[in-house]
Novice: 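I'd like to ask you about the structure that follows.
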Amino acid sequence: MPELPEVEVTRRRIAPLLVGRRIARVQTTAPSYFYLTPPDRLKSELAGRQVRALERRGKYLLAELDDGRRLLLHLGMTGQLYSSRATSVRLLSASRRASLSPEEQLVCEPDEHTHLELIFEDGEPTVRFRDVRKFGKVLLLEPGHSDPRLDRLGTDALDASGDALFAACRKRKIAIKSLLLDQKVFAGVGNIYADEALFLAGIRPRRSAQRVTLRECAAIADALRRVLERSIETGGSSIQDFIGPDGHDGHYQDERCVYARTGLPCRRCAEPVKKIIIGQRSSHYCARCQR
DNA sequence: ATCTGTCCCTGGACGC
DNA sequence: TGCGTCCAGGGACAGA
């Protein structure tokens, strides 16, 4: 699932394919939950616009257009933003893949899950947004307008500090893991990196936020910045659907310590990694290394 | 104000 | 082989 590192890797690699190019036309699928701005409006409003810049806010991408409008994108759970030149088996469902020859698998044409395709005046490559589960979002912001989704975001998680975390933990009874997932605290943290940071800091995910000390908050914030930066360096985590805009997998999944390693030995002490549910989300930790 | 539960969606894993 | 069931989960929202 795309979290801060995956979104940042996407931003860095897709920006050269967007910035400075003028959109000729836009392809979409039918209206759905996915579109906060109806597809017909995207088609009419985006045609002729030039992309000026691409920035990231937490897990959101924000494309600045030459008329002052901004296109807000969220990759949700299964969103893939990529070049039409990219090829990856992750762009094909298993059943589809099984029916294709190895050569045919290298042709990744838009399918029913490709909800947005930006076609540029200068031709190839196009930029596509594919999202199987449609938890992603597309929203066109009017000039000078923002959106509560953006306004609510806290400090970017790459700038997480122990003091800020400690302040956010005051009088909060919820699990520290749930607090880390709250985008109002640190924007960009998701399930993978919350679990990994808590492991590195030696804190159990279920511990009540108000019972985490200032020193421990500093350790969590440090660990969070370290895992996020390291994941960006390695191209993000390709555990399920994430691919880079060029179709390449990330590699941070090879370095993770606890996330989705249920029953496997802890990398530090060999104790089997445990899995529990916190706030309807799976959480992974080592009962010996985390207190 | 804070917290919990529900919902949106689809494909892959698993059991019979 | 094929079908049914469960699970993954970011974030908005409703209700306690």
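In what follows, chains carry the letters A, B, and so on, assigned in the order in which the sequence lines appear, proteins first and then strands, with residues in each chain numbered from 1. Worth saying up front: this structure is predicted, and the values here are computed from it rather than measured.
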Novice: Take A:Arg152 and A:Ile277, find for each the nucleotide of DNA chain C with the closest heavy atom, and name the residue whose nucleotide sits nearer the 5' end.
Specialist: A:Ile277
Novice: Rounding to an integer number of Å, can you tell me how far A:Lys137 NZ sits from C:dG11 P?
Specialist: 10 Å
Novice: Whole Å only: how far is the CG atom of A:Leu4 from the C1' atom of C:dG10?
Specialist: 14 Å
Novice: Can you tell me the distance, in whole Å, between the CD atom of A:Gln183 and the P atom of C:dA12?
Specialist: 9 Å
Novice: Using a 4.0 Å heavy-atom cut-off, does A:Tyr35 contact any base of the nucleic acid, only the sugar-phosphate backbone, or nothing at all?
Specialist: nothing
Novice: Nearest-Å distance, CG (A:Asp131) to P (C:dG9)?
Specialist: 16 Å
Novice: Quick one: label A:Thr78 by what it contacts on the DNA or RNA (base, sugar-phosphate, nothing), any heavy atom closer than 4.0 Å.
Specialist: nothing
Novice: Given C:dG11, is OP1 or OP2 found less than 4.0 Å from the side-chain N or O atoms of A:His74?
Specialist: yes
Novice: Please give, in whole Å, the distance from C:dA8 P to A:Ile276 CD1?
Specialist: 13 Å
Novice: Run the ring-centre check on A:Tyr259 versus A:Tyr252 and record whether the distance is less than 6.0 Å.
Specialist: no
Novice: Can A:Asp67 and A:Arg49 be counted as an ion pair, charged N to O under 4.0 angstrom?
Specialist: yes
Novice: I'd like to compare against my own output: the B/S/- annotation of nucleotides 1-12 of chain B with a strict under-4.0 Å heavy-atom distance to protein.
Specialist: --SSBB-BBBSS
Novice: When the nearest nucleotide of DNA chain C is assigned to A:Asn191 and to A:Pro148 on a heavy-atom basis, which residue is associated with the more 5' position?
Specialist: A:Asn191
Novice: Give a yes-or-no answer on whether the side chains of A:Ser282 and A:Lys275 include a donor-acceptor pair shorter than 3.5 Å.
Specialist: no
Novice: What's the CG-P distance between A:Leu75 and C:dG11, to the nearest Å?
Specialist: 11 Å
Novice: Run the side chain to side chain donor-acceptor pair (under 3.5 Å) test against A:Glu3 and tell me which residues pass, sequence neighbours left out.
Specialist: none
Novice: Take the protein atom CZ of A:Arg57 and the nucleotide atom P of C:dG11, then report the distance between them rounded to whole Å.
Specialist: 15 Å
Novice: Hey, does A:Lys59 reach any base, or is it just sugar-phosphate, or nothing, if we go heavy atoms under 4.0 Å?
Specialist: sugar-phosphate
Novice: Going by atom types alone, do A:Thr234 and A:Glu255 pair a side-chain donor with an acceptor below 3.5 Å?
Specialist: no
Novice: Can you tell which of A:Arg128, A:Arg130, A:Arg90 makes a side-chain hydrogen bond (donor to acceptor under 3.5 Å, both in side chains) with A:Gln80?
Specialist: A:Arg130
Novice: Hydrogens and angles aside, do A:Thr126 and A:Glu117 bring a side-chain donor and acceptor to less than 3.5 Å of each other?
Specialist: yes
